[in-house]
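Since the structure comes first, as structure tokens, the remarks are kept for the end.
The sequence lines fix the lettering, A, B, ..., with proteins before strands; numbering per chain opens at 1. Keep in mind that what you see is a predicted model, and the values were worked out from it rather than measured.
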Amino acid sequence: MLEINKIRLNKEKVIELLRVKNFKAAEEKINNLIDLDEKKRQVQKQLEDIKAELNVKSKEIGQYMKDGSKEMAEKAKTEVANLKENSKDLEKELSEKEQEIEGLLLSIPNLPHSSVPKGKTAEDNIVEYIDGKIPKLWEGATPHWDLCAKYDIVDFELGNKITGSGFPVYKGKGAKLQRALINFFLDEAVNSGFAEVQPPLMVNEASAMATGQLPDKEGQMYAIPLDGFYMIPTAEVPITNIFRDVIVSEKDFPICKTAYSQCFRREAGSYGKDVRGLNRLHQFDKVEIVCIDHPDHSYEQLEIMKKHVETLLHKLELPFRVLRLCGGDMSFTSALTFDFETYSVAQDRWLEVSSVSNFETFQSNRLKLRFKNQEGKTQLAHTLNGSALALPRIVASLLENNQTPEGIKIPKALIPYTGFEIID
RNA sequence: GGAGAGAUGGGUGAGUGGCUGAAACCAACAGUUUGCUAAACUGUCGUACCUGUAACGGGUACCGGGGGUUCGAAUCCCCCUCUCUCCGCCA
């Protein structure tokens, strides 16, 4: 959520930046917002003046009662009654205005960083660089879903029976590979200075609201209405909520956390080859990294996080490219996002395996995550997060790229974790 | 799931209708003293919003959350959430 005061002070700039994000009706909404805010403040001032008077009068009544001057007290009481009548309408108006403003603010996306390219769709993203060699496959090479069946390591049909599509059952070496990747990613993150946490997989409404899943993305999450909980779509939600309503100490920056969790996404509306095999699941595993940092240093931290993801992909020996997302393809909450995509040879396509973003103060404003700056004032911190990494597409790429007539070769870095060198 | 107790500022904890934005202690921060550390002493020490002065000023709200009673609520009433203790169940 953007800060109303900043919008007020930089109206033109805000509108201009919202256009980069292809936000429709930017000018109209911002004007409306500023107008509402102006009126709200007028009403608030009137109301508070009345309340101040009420408070004074109430104290006087107390004094009259003590002195025994009943008449004076009664007189003051009628005066107070009138004031109260006026304040009721104002109070109603104020809360209406506040709700309207809140609603509007929630509907406005984060402002893009100055380096974000203009553009509407994924086509307009900028390829920053491509890293690694794309392997040549042997003649009998097939997409990962065939390999999963061939080696009996991921069973989609069985998952369909137990739950439904998008809930695969990992078996044998497939299950072990999952465990290996999770441990590998966690160990790497911890070695890079991220503190490990194991958060709940369900969150309450307040948490989902604070990180922006609610109200707009409600349909993306699995809900448990009986208890008012939501299954987490990413560990970002519980980890970031550690810092909800918290004032951190400036000397603790950067605060870096990592967590493994399973993630649950309804992915309503997805279909076709995009969702085949491991490409898109309703339940999947991911190791997430989250950082909280000082506004002056958050973009340096973003680079550190990018480097970390790069290192993981190098160690897994996967070819990848890094995209700087354009305004139209970025998420609602992000100010700058880099996507990492591995090349999955048998499918002949790039698969998104990580997304690393700086949210600046967009999340922390709703979270009320602040720190005391050097002048002793509280100020919103910057939040960042990234996947490091999401498993299914990594598995897809590993299976496809490393397939040989003898079986699927495990990258060196992973062998200590799997305990085997080949899936056959 | 049953019974009871409770929720106050960073922490402990006082406060049952106006003198309480909230005692006291601890922690923290700043200063004085000291050869350094420690101790002692002095001071500061919640958040948000509105307003804006020559002024570090003025105002409003907040004592788990929401609603109510009252001229006036941390204090009384109702609902909810959470915590603790005992019992039950259980990996």
Side-chain angles (χ1 to χ4, degrees), chain A residues 1-9 33-105 198-210 214 223-230 238 241-253 255 292 361 363-381:
Chain A
M1 188 162 71
L2 294 176
E3 295 152 85
I4 182 74
N5 289 336
K6 292 205 175 151
I7 295 178
R8 197 161 60 208
L9 293 173
L33 192 60
I34 288 174
D35 201 41
L36 271 170
D37 178 57
E38 180 71 39
K39 282 185 191 137
K40 184 220 116 183
R41 279 161 36 229
Q42 275 176 20
V43 173
Q44 181 172 354
K45 181 85 175 88
Q46 284 178 43
L47 180 62
E48 286 182 358
D49 287 347
I50 289 179
K51 282 192 171 173
E53 207 179 331
L54 273 172
N55 286 340
V56 171
K57 286 244 155 55
S58 292
K59 283 205 173 150
E60 282 175 13
I61 291 170
Q63 199 53 48
Y64 289 141
M65 303 290 255
K66 223 181 239 172
D67 299 347
S69 30
K70 283 246 171 71
E71 269 177 44
M72 293 297 279
E74 285 308 318
K75 197 180 151 212
K77 275 194 193 183
T78 53
E79 283 174 31
V80 165
N82 287 334
L83 282 172
K84 266 204 126 176
E85 207 46 51
N86 293 338
S87 74
K88 267 186 196 161
D89 290 341
L90 287 171
E91 219 154 286
K92 195 171 156 228
E93 196 180 343
L94 180 64
S95 83
E96 278 170 6
K97 290 269 183 295
E98 277 172 346
Q99 276 179 29
E100 264 184 88
I101 289 170
E102 170 97 358
L104 259 175
L105 279 175
Q198 195 177 72
L201 301 182
M202 297 184 197
V203 293
N204 57 29
E205 200 173 301
S207 292
M209 190 67 83
L214 293 178
I224 293 101
L226 192 60
D227 298 288
F229 295 155
Y230 294 88
N241 269 283
I242 293 172
F243 300 98
R244 171 151 53 90
D245 289 321
V246 169
I247 297 178
V248 297
S249 172
E250 191 174 352
K251 62 178 185 285
D252 293 336
F253 287 142
I255 299 169
I292 318 288
T361 58
Q363 278 187 329
S364 57
N365 189 27
R366 261 209 256 187
L367 282 166
K368 297 204 190 72
L369 162 54
R370 293 159 298 176
F371 67 98
K372 276 218 193 301
N373 64 21
Q374 280 169 343
E375 287 120 54
K377 293 199 168 173
T378 50
Q379 188 183 340
L380 292 173

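- Distance from the side chain of A/Gln44 is smallest to B/rC49 among B/rC49, B/rU60, B/rG18.
- Under the Watson-Crick or G-U wobble criterion, with both distances below 3.5 Å, B/rC36 has no partner in any strand shown.
- OP1 or OP2 of B/rU60 sits under 4.0 Å from a side-chain N or O of A/Asn55.
- How far NZ of A/Lys39 is from CG of A/Leu94: 14.0 Å, rounded to the nearest 0.5 Å.
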Practice problem: Give the C-alpha distance, both sets of side-chain angles, the deciding distance and a yes or no for side chain to side chain contact (heavy atoms under 4.5 Å, CB included) between A/Gln363 and A/Leu369. | Solution: CA-CA 8 Å; A/Gln363 278 187 329; A/Leu369 162 54; over 6 Å; no

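- Close to B/rA48, at under 4.0 Å from its OP1 or OP2, lies a side-chain N or O of A/Thr378.
- Atoms CG (A/Asp245) and P (B/rU47) sit 14 Å apart, rounded to a whole Å.
- Nearest-nucleotide positions on RNA chain B place A/Ile4 closer to the 5' end than the other of A/Ile4 and A/Leu54.
- B/rG11 and B/rA23 have their P atoms separated by 15 Å, given to the nearest Å.
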Exercise. Report the C-alpha distance between A/Lys51 and A/Glu91 in whole Å, list the side-chain angles of each, state the deciding distance to 0.1 Å, and finish with yes or no for salt bridge (charged side-chain N to carboxylate O under 4.0 Å, His left out).
Key: CA-CA 10 Å; A/Lys51 282 192 171 173; A/Glu91 219 154 286; 3.8 Å; yes

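- The phosphate of B/rU47 has OP1 or OP2 within less than 4.0 Å of a side-chain N or O from A/Lys372.
- Across the C1' atoms, B/rC77 and B/rG17 are found 14 Å apart, a figure rounded to whole Å.
- Residue A/Ala52 places its side chain closer to B/rG59 than to any other of B/rG59, B/rA61, B/rC50.
- Judged by Watson-Crick or G-U wobble contacts below 3.5 Å, the nucleotide B/rC89 has no partner.
- Within the shown strands, B/rG68 is the pairing partner of B/rC76 under the Watson-Crick or G-U definition, both distances less than 3.5 Å.
- With rounding to whole Å, A/Asp49 atom CG is found 9 Å from B/rC50 atom C1'.
- Across the protein-nucleic acid pair, A/Ile61 atom CD1 and B/rC71 atom P stand 8 Å apart, rounded to whole Å.
- Rounded to a whole Å, the CD atom of A/Glu91 is 10 Å from the P atom of B/rG68.
- B/rU83: Watson-Crick or G-U partner is B/rA5, with both key distances under 3.5 Å.
- A close approach under 4.0 Å does occur between a side-chain nitrogen or oxygen of A/Arg370 and OP1 or OP2 of B/rA48.
- Between B/rC62 and B/rA22, the distance separating the two C1' atoms is 12 Å to the nearest Å.
- Taking the C1' atoms as reference points, B/rU70 lies 35 Å from B/rA3, given to the whole Å.
- Under the 3.5 Å distance criterion, the side-chain polar atoms of A/Ser364 are left unmatched by any main-chain donor or acceptor of A/Leu380.
- Summary of the strand contacts: A/Lys84 and A/Asn5 both lie near RNA chain B, and taking for each the nucleotide with the nearest heavy atom, the more 5' one is attributed to A/Asn5.
- Rounding to whole angstrom units, NZ of residue A/Lys57 and C1' of B/rU70 are separated by 18 Å.
- B/rG10 sits 30 Å from B/rC86 when the P atoms are compared, rounded to a whole Å.
- The shortest non-hydrogen separation linking A/Arg366 to A/Ala210 is CB-O, 3.6 Å.
- Between A/Lys40 and B/rC49 there is no side-chain N or O to OP1 or OP2 distance below 4.0 Å.
- Between the NZ atom of A/Lys39 and the C1' atom of B/rC50 there is a distance of 19 Å, given to the nearest Å.
- Under the Watson-Crick or G-U wobble criterion, with both distances below 3.5 Å, B/rA14 is left unpaired in every strand shown.
- Nearest heavy atom pair, residue A/Ile7 against residue A/Ile34, reads O-CD1, 4.2 Å.
- B/rC49 and B/rA40: their C1' atoms are spaced 41 Å apart (whole Å).
- For B/rC87 and B/rC25, the C1' atoms lie 38 Å apart once the distance is rounded to whole Å.
- Taking the C1' atoms as reference points, B/rA7 lies 13 Å from B/rG13, given to the whole Å.
- Under the Watson-Crick or G-U wobble criterion, with both distances below 3.5 Å, B/rA30 is paired with B/rU42.
- Applying the Watson-Crick and G-U wobble criteria (two distances, each under 3.5 Å), B/rG57 pairs with B/rU51.
- The CE atom of A/Met65 sits 9 Å away from the P atom of B/rC71 (whole-angstrom rounding).
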Quiz item: side chain to side chain donor-acceptor pair (under 3.5 Å) between A/Asn55 and A/Ser58: does it pass, once the steps are laid out?
Solution: CA-CA 5 Å; A/Asn55 286 340; A/Ser58 292; 5.5 Å; no

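- Across the protein-nucleic acid pair, A/Ile247 atom CD1 and B/rU47 atom P stand 6 Å apart, rounded to whole Å.
- Of the side-chain N and O atoms in A/Arg41, none sit less than 4.0 angstrom from OP1 or OP2 of B/rC49.
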